Amino acid sequence: MEWNPETLQHLSQCFLHTLSPSPEPRRRAEASLSEASLHPNYGLAVLRLVAEPTVDDQIRQAASVNFKNHLKARWAPNSSSDETPIPDAEKEQIKGLIVSLMLSATPKIQGQLSEALVLIGKHDFPKLWPALLPELISSLRTASLAGDYASINGILSTANSIFKKFRYQYKTNDLLLDLKYCLDNFAAPLLEIFIKTANLIESAANSGGPAVLKPLFESQRLCCRIFYSLNFQELPEFFEDHLNEWMTEMKKYLTTSYPVLESSADGLALVDELRAAVCENINLYMEKNEEEFQTYLNDFALAVWHLLGNVSQVSSRDQLAVTAIKFLTTVSTSVHHNLFSAEGVIPQICQGIVIPNVRLREEDKELFDMNYIEFIRRDMEGSDLDTRRRIACELLKGIASNYKQQVTNLVSLQIQNLLSSFATNPVANWKDKDCAIYLVVSLAIKKAGGTSVTTDLVDVQNFFGTVIVPELQSQDVNGFPMLKAGALKFFTMFRNHIPKPMALQFFPDLIRFLRAESNVVHSYAASCIEKLLMVKDEGGRARYTSADISPFLPQLMNNLFEALKVPESEENQYVMKCIMRVLGVADISHEIADPCIKGLTLILNKACENPKNPVFNHYLFESVAVLVKRACGKNASLISLFETSLFPSLQKILGEDVTEFFPYAFQLLAQLVELNNLPISPSYMHIFEILLSPDLWKKASNVPALVRLLQAFLHKAPHELNQGGRLQQVLVIFNKLVSARSTDEQGFYVLNTIIESLEYNVIAPYIGGIWSALFTVLQTRQTGKFIKSLLIFMSLFLVKHSSQKLADTMNAVQGNIFQVILVQFWISNLKLITGVIETKLTAVASTRLLCESPALLDAAAVEHWGKMLDSIMTLLSRPEQDRVEEDPEMPDIAENAGYSATFVHLHNAGKREDDPLKDIRDPKEFLVNSLARLAALSPGRYPQIFSQYLDPTNQAELHRLCEFYKCPIA
């Protein structure tokens, strides 16, 4: 694309039309720009348009956004992307122009160009863009001489963004080399502008107006953030040498007030941001460079303490309060000072910092009422580390690490005082009780690796009985909702400590709270029930069983579904997770199953219209799956009821292309297919035909669920598979799956099911093609995953159809290939197999090869025979936990779960793994019996082979097994 007046006119018109309120011209303009972006020098042309002073500002701004997005897509596109990279020559021209254009641009355009520059820097700086830092430094010095703080802050903002990588990237030699380059060039100019700006602030603090001071404070904030990035990995020599200059100036911002700025909300916010940046820096030094920071520690600790005394409770000052308390928390855990040992210090911290910040504020109540999801995320799920309430408690925990008894006594007394205050006037002082409960819950100590918590602050059962129970028994579920939520949270957190009879006594109260109007309260009630049903006693036994909840079950299910009708809770994930958990425990009768499946399908139909909450929807499908599994597994007559309810919903998902739900729909269909009796109904066979369509298999996230459904059909209706060319279609799918690295394991699942389900005479015409496909992949992809899958398939083929057929069918495709694979892959990889059924299958198949296969029984193959036995012994001697792939309980779904990135497995619709060797109870016993029979044919031969080729540990274990099973091998 050439830069000329016509190009300028064309692009200007396009960008103008992209701002049109009418969709048609906007779409045409966007299409035109999209087409133009494919041409070389498009990015350069747009950048020049942005720099053109004669063009309207709105058009230039739209162009700057387009330029940034163009670079994001094409500067360094992913290997999987279809985008054409920007040519190198164009890249060099853009890099030559962008810094000067950014500095001369208006603020809004400057912001876009700065982001674009950072995008380039992320890929090219410093190695492919050595001119960037010298140009930024030169521009910084020029702007500094001119006192041009708009340009200074533009440069510092860009440098700040570029240097952020030193905070979060893993420390490598390359990263440290890049850091050294930046330090060598930028550390001195940074200090220079920091000191100069500090002097300007000092002289203008009282005489200058906000317009003068604001850019100066922003400049210092950016300098502090760059300081943080450049010091993050380790203490640089330059900063150590000039530490006094940095610390002296930074301390001033914590101890000096600036009334000219602080008298307005936006001015105060700017000063607070700088102070928060200083707190981040001194916290970093306290964490990583405490020895060098020791000289300054006392002064900074006092400065932060006094500062916190003046920080009001308004939410706009939260960031400063949190970073300041975080610094004191870090200081509190150190043993290299005695700042907290003086008499009265810890009580002052508790009274002056902790309690004021733990108390509920109006902002907390507003969040509780207006945005329950965010409130729960912070309060229940532990994402509130950056809130005043949580960080204040972390400060207490930090101090307790060195002064445990003092803190325990102090906080226990404080809790009693708060509860006494509440008792004098419960209506007026309810926040005191909330504060007391919050302190107990937040200061509880979690036991490593478990869900159990402990506390030294109160006697849990006594506190539960005297403080929590009155809230649980309150007949008004809507009165004082924040107190109710706190009580429910305590019950949830200390659930392991509450004896079963006592907890069951309050089950009806928990069920009542499901009808609370407050979204938080009925969410916490649902979460409490759900977590109680997960409690395990010694030996892993569930504490609460179906018998425990049976008396309450109809009311419980009714209230859970009613909670989902409350405004804002229509897609409440905590309620839906509770439904799933209850259905997984309860004894489900027809009277429960009928309203549940109808209620769930109504919700499912609604979700199909706009699938916007992945976590809720996952628990919804899990609820359906567990209901199908437990109800139909117990009472087959319910299958038709479930089909009547579910089929329209599943047809809606597939018919209306609700692609987000495809994997779930296929898994539920697989579940229903497996539960059905033969013959398979025409409606299912219609789905089978759709399943064989190649287009359906193109989306990677569909594949595991489609395989799951295909396996269900192959197991249930193997005879239908051998009609109408269906087997060939399935093998085409297998071939496609096994050929791709990301789906090869799924291809083996299909193949294994074919071998398990069909007679040999049915698959015989196709077995050569199957081996050819597998050998082709093996030539180019010898990954551990592929080889293990191949061994399992060959083992299954062997136990179903004999070792002779295995060798013959393989060698028919390529002469002697069986021997090659046996020696190169089978023997060496056998010990890597995991899973109970897989271990048994491969061990038995390998044992049969040892005792039946001419390829191993030949005298010339004695070394391979010995090594194969050694591998079998290694496989079978591994500790049980090393070879068992656990089937965990229904896992929690991450909050950021989505639909498109990966397949999400439905735990409750999982395929039951069948053992293809049910008649063989113990593979170890099978091994020694088989060896004994073989050894009886050649007395004296095998003990010598054992001693020559078996590892001594395996020799000893084989000897032990022979004695244990009374099967001597002579």
Side-chain angles (χ1 to χ4, degrees), residues 47 51 92 94-107 109-111 113-118 120-121 124-166 178-204 208 211-231 236-250 252-253 274 277 281:
L47 183 59
E92 292 306 314
I94 288 171
K95 287 191 284 194
L97 291 170
I98 192 166
V99 174
S100 58
L101 291 181
M102 179 198 75
L103 295 177
S104 61
T106 58
I109 292 173
Q110 187 180 75
L113 293 183
S114 177
E115 284 185 47
L117 192 155
V118 171
I120 300 171
D124 288 19
F125 177 78
K127 293 182 180 62
L128 299 177
W129 198 359
L132 174 60
L133 207 51
E135 187 175 359
L136 287 176
I137 293 165
S138 171
S139 301
L140 182 62
R141 289 197 167 122
T142 303
S144 177
L145 288 170
D148 176 9
Y149 270 85
S151 292
I152 289 170
N153 290 345
I155 295 161
L156 291 176
S157 178
T158 301
N160 179 39
S161 297
I162 289 171
F163 295 155
K164 275 181 184 175
K165 74 174 185 175
F166 299 122
D178 288 354
L179 176 58
K180 184 179 184 306
Y181 169 77
C182 294
L183 286 165
D184 289 347
N185 288 278
F186 205 79
L190 179 68
L191 178 58
E192 193 180 304
I193 193 69
F194 183 68
I195 298 297
K196 175 178 178 174
T197 308
N199 293 332
L200 287 173
I201 288 174
E202 207 159 305
S203 60
V212 174
L213 285 169
K214 280 181 180 177
L216 301 180
F217 271 78
E218 174 60 11
S219 177
Q220 295 301 72
R221 185 191 72 80
L222 289 166
C223 286
C224 283
R225 298 313 289 148
I226 293 169
F227 176 99
Y228 186 83
S229 297
L230 296 179
N231 282 269
E237 187 180 341
F238 180 89
F239 285 92
E240 188 173 1
D241 293 343
H242 295 273
L243 196 55
N244 193 54
E245 293 159 81
W246 279 102
M247 292 299 159
T248 303
E249 294 306 325
M250 285 198 283
K252 285 180 187 174
Y253 301 123
L274 172 55
N281 288 343

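One is the number of the first residue; the rest follow in order along the sequence. Everything numeric here is computed off the predicted structure, so don't read it as measured data. Just so it is clear, the values below take in all heavy atoms, side chains as well, and ignore hydrogens, waters and symmetry mates.
Taking CD of Glu218 as the reference point, atom NZ of Lys214 lies at 11.5 Å (rounded to 0.5 Å). Summarising the geometry, atom CD belonging to Glu92 is positioned 11.5 Å from atom CG belonging to Leu97; distances are rounded to the nearest 0.5 Å. How far CH2 of Trp246 is from CG of Asn231: 8.5 Å, rounded to the nearest 0.5 Å. Note that CG of Leu216 and CD1 of Ile201 are 5.5 Å apart. Values are rounded to the nearest 0.5 Å. Taken from CG in Leu133 to CZ in Phe163, the straight-line distance is 5.0 Å, to the nearest 0.5 Å. Between Leu117 atom CG and Leu113 atom CG the span is 8.5 Å, to the nearest 0.5 Å.
In this structure, the side chain of Lys95 does not engage the main chain of Ala131 through any donor-acceptor pair within 3.5 Å.
Side chains of Cys223 and Leu156 form a contact here, defined as non-hydrogen atoms less than 4.5 Å apart. Side-chain contact between Cys182 and Phe166: present, with at least one pair of heavy atoms (C-beta onward) separated by less than 4.5 Å.
Here the shortest heavy-atom pairing between Val118 and Ser161 reads CG2-CB, 3.2 Å. Closest heavy-atom contact between Asn160 and Ser229: OD1-OG, 4.4 Å. Closest heavy-atom contact between Gly154 and Met102: O-CE, 3.9 Å. Of all non-hydrogen atoms in Gln220 and Ala198, the two that sit nearest each other are NE2-N, 3.5 Å. Counting all heavy atoms, side chain and backbone alike, Ser219 lies closest to Ile152 at OG-CG2, 4.0 Å.
Sorted by first and then second residue, the pairs that involve residues 145-154 and meet side chain to side chain donor-acceptor pair (under 3.5 Å), not counting sequence neighbours, are Asp148-Ser151, Tyr149-Thr197.
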Residues 139-147 side chain polar contacts: donor-acceptor under 3.5 Å, at least two apart:
from   : atom 1 : to     : atom 2 : distance (Å)
Ser139 : OG     : Glu135 : O      : 2.8
Thr142 : OG1    : Ser138 : O      : 2.9
Ser144 : OG     : Lys196 : NZ     : 3.2

For residues 184-194, tabulate all N or O donor-acceptor pairs below 3.5 Å that involve a side-chain atom, not counting sequence neighbours.
from   : atom 1 : to     : atom 2 : distance (Å)
Asp184 : OD2    : Lys180 : NZ     : 2.8
Asn185 : ND2    : Tyr181 : O      : 2.7

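Classified by interplanar angle (parallel below 30°, tilted 30° to 60°, perpendicular above 60°), the ring pair Phe227/Phe239 is perpendicular.
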